[in-house]
Amino acid sequence: MLKVEVFTSPSCPYCPMAEKAAEEAKGKLGDEMELEIINIMTDRQRAIDYGIMAVPAIAINGVVEFVGAPSFEELMAKLK
C-alpha cells in the first residue's frame with residue numbers, strides 16, 4: 001500500500017495542480033494507494049515534522065519526494 005500525503009495551503013496557486021495529479025494517481029491505482037490532502041494551516045505540526053518549508057509538497061510512504069507540483073507522469077513514475 002502506497003501512502004501519499006499532499007501538503008497544501010489555501011492561498012497557494014500551485015497546490016490545486018498537485019492535488020489533481022495525486023487524485024488522478026489515486027484513480028489509476030485505486031486501493032493500492034491511500035491519499036491524504038493536508039492543509040498546513042490546520043495541520044502545521046505534520047509539515048514541521050517533515051521539514052516542509054514550501055507547498056505544495058508530496059510525501060510518499062513518509063518521504064518528501066516533491067516540493068512543487070509534479071505532473072501526473074512524474075508522480076506515477078515515483079509511485080511505481
Might you point out which heavy atoms bring [X] and [Y] nearest each other, and give the distance in Å?
X     : Y     : result
Val55 : Cys12 : O-SG, 3.9 Å
Ala21 : Pro70 : CB-O, 3.7 Å
Ala69 : Met17 : CB-CB, 4.0 Å
Pro16 : Pro13 : CD-O, 3.7 Å
Asn39 : Ser9  : OD1-CA, 4.4 Å

Under a single-linkage definition using a 4.5 Å side-chain heavy-atom cutoff for Ile, Leu, Val, Met, Phe, Trp and Tyr, are Val67 and Met41 assigned to the same hydrophobic cluster?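 Yes: a chain of side-chain contacts under 4.5 Å links Val67 to Met41.
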Is there a path of hydrophobic side-chain contacts, each under 4.5 Å between heavy atoms, that joins Ile58 and Val64?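 Hydrophobic grouping puts Ile58 apart from Val64.
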Between [atom1] of [X] and [atom2] of [Y], what distance do you get to the nearest 0.5 Å?
X     : Y     : atom1 : atom2 : value
Ile37 : Glu23 : CD1   : CD    : 5.5 Å
Glu5  : Asp43 : CD    : CG    : 9.0 Å
Ile40 : Cys15 : CD1   : SG    : 7.5 Å
Glu19 : Glu24 : CD    : CD    : 12.5 Å
Ile38 : Gln45 : CD1   : CD    : 12.5 Å

Taking it one step at a time, do Met76 and Leu29 satisfy side-chain contact (heavy atoms from CB on, under 4.5 Å)? CA-CA 9 Å; Met76 286 303 293; Leu29 296 173; 4.0 Å; yes
Could you tell me whether the side chain of Lys3 and the main chain of Gly62 form a donor-acceptor pair under 3.5 Å?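 No, because the side chain of Lys3 does not come within donor-acceptor range (under 3.5 Å) of the backbone of Gly62.
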Glu74 bridged to Lys78 by N-O distance under 4.0 Å: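 No, no charged N to carboxylate O under 4.0 Å.
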Kindly check if the number of other-residue, nucleotide or ligand heavy atoms within 6.0 Å of [atom1] ([X]) is above 12?
X     : atom1 : result
Asp31 : CG    : no
Glu36 : CD    : yes
Met1  : CE    : yes

Check ring pair (Phe, Tyr, Trp, His ring centres under 6.0 Å) between Tyr50 and all other residues, then give those that pass, not counting sequence neighbours.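 Checked Tyr50 against ring pair (Phe, Tyr, Trp, His ring centres under 6.0 Å); matches are Phe7.
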